[in-house]
There are 2 protein chains.
Amino acid sequence: MGLIKTEKFTNQQNEIALIAKVIGHPARVAILQHLFKINACVCGDLVDEIGLAQSTISQHLKELKHMGLIKGSVEGTSVCYCIDTENWSKMKQIMTQFLDQDVSNNTCC
Amino acid sequence: MGLIKTEKFTNQQNEIALIAKVIGHPARVAILQHLFKINACVCGDLVDEIGLAQSTISQHLKELKHMGLIKGSVEGTSVCYCIDTENWSKMKQIMTQFLDQDVSNNTCC
DNA sequence: TTTATATATTGCAATATTACGATTAAGTAA
DNA sequence: TTACTTAATCGTAATATTGCAATATATAAA
């Protein structure tokens, strides 16, 4: 069906999955890495940097913004995007907690 | 097109995205959490636990196995699944390194 | 061998995602 | 005003994902 049955899972499980899903595309990984690297506002040079069509990059930016990982502010004709540090930290904590599950007692197979 | 242009990105970016993508479904998050919780082999009770069809769970297990996050061994008629601790640690390191990018110098917008 | 149980695979329908070109919107410069 | 620049949105095609029923496979028990 292509439709995820979110009602079968806990809020936490759905949230982890949503965060991971947004990161689960190399273009969005590249955008985030570039924003971290530049460490300041960036706009349409992401299109040159990444090499996908302008409309495609715009769509990925929209998804990242929708998840709250980045924020954008209009600067004249261009738009300045950057990491939303507060939300990034929150997201990082959620993911880290999931990833940090103790593996040492795992005594099977 | 629905087709990701992986050739536009670095191996690292593609790898991060692939890992995140596998985690990007609540059923797979639930499976992983259950395997951690039980801390031992588990088989078809994942179907009862999660409440999706057997074939659906089997497919998700296949994807997790394909990414190397879990491994399974046949035990009679059932199959014992568990976290692949070595690969989990590797994966965790890759993701943590990505998530840990320094946010403090971010002075924009 | 037959039957039962557990898991994997196949085939399919519904929906989602990715990507792009074309267009629109909104600001700037002339 | 018009022309230009930048980014968002729309429409669309191609592909991917999700989920299930049905079937296949493989082992165990009778």
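Naming: A, B, ... by sequence-line order, numbering from 1 per chain. Reckoned from all heavy atoms, side chains included, excluding hydrogens, waters and symmetry mates.
Contact annotation: the side chain of Thr96(A) never approaches that of Thr96(B) to less than 4.5 Å [non-hydrogen atoms, C-beta and beyond]. By the 4.5 Å heavy-atom criterion applied to side chains, Asn11(A) and Glu15(A) are not counted as neighbours.
Phosphate contact (OP1/OP2 of dT7(C), side-chain N/O of Ser58(B), threshold under 4.0 Å): absent. Not one side-chain nitrogen or oxygen of Tyr81(A) sits closer than 4.0 Å to the OP1 or OP2 atom of dT6(D). At the phosphate of dC20(C), OP1 or OP2 sits under 4.0 Å from a side-chain N or O atom of Thr56(A).
Summarising the geometry, atom CE belonging to Met91(B) is positioned 10.5 Å from atom CG belonging to Asp84(B); distances are rounded to the nearest 0.5 Å. Here Arg28(B) contributes atom CZ and Gln59(B) contributes atom CD; the two are 9.5 Å apart, rounded to the nearest 0.5 Å.
Counting non-hydrogen atoms under 4.0 angstrom, Lys8(A) reaches nothing in the nucleic acid. Across all strands, Ile57(A) comes closer than 4.0 Å to no nucleic acid atom at all (heavy-atom distances). Residue-level contact check: Lys21(B) touches the backbone only, with heavy atoms under 4.0 Å from sugar-phosphate atoms and none from bases.
Each of dA7(D), dG19(D), dC20(C) was ranked by its minimum atom distance to the side chain of Ser55(A); first place goes to dC20(C). If you check dA6(C), dT9(D), dA8(D) against the side chain of Lys62(A), the one that comes closest is dT9(D). Considering only side-chain atoms of Leu52(B), the nucleotide from dG19(D), dT7(C), dT6(D) that sits closest is dG19(D). Here dG19(D) is the nucleotide among dA19(C), dA8(D), dG19(D) with the atom lying nearest to any side-chain atom of His60(B).
One can place CG of Leu61(A) at 14 Å from C1' of dT9(D), the figure rounded to the nearest angstrom. Atom pair Lys71(B):NZ and dT7(C):C1' shows a separation of 20 Å (rounding to whole Å applied). Rounded to an integer number of Å, the gap from CD of Glu75(A) to P of dG27(C) is 14 Å. Residue His66(A) contributes atom NE2, which lies 16 Å from atom C1' of dT9(D) at whole-angstrom precision. One interatomic measurement links the two molecules: CD of Gln54(A) to C1' of dA22(C), which rounds to 11 Å at whole-angstrom precision. Across the protein-nucleic acid pair, Lys5(A) atom NZ and dA13(C) atom P stand 17 Å apart, rounded to whole Å. Between the C1' atom of dA19(C) and the CZ atom of Arg28(A) lies a distance of 12 Å, rounded to the nearest Å. Going from atom CD of Gln59(A) over to atom C1' of dA14(D) covers 14 Å, rounded to whole Å.
With DNA chain D read from its 5' end, the first of the two nearest nucleotides for Phe9(A) and Thr77(A) is the one closest to Thr77(A). Take the nearest nucleotide of DNA chain C for Val74(A) and for His25(A): the residue whose nucleotide is more 5' is His25(A).
Ring planes of Phe36(A) and Trp88(A): perpendicular class, angle over 60° (limits at 30 and 60°).
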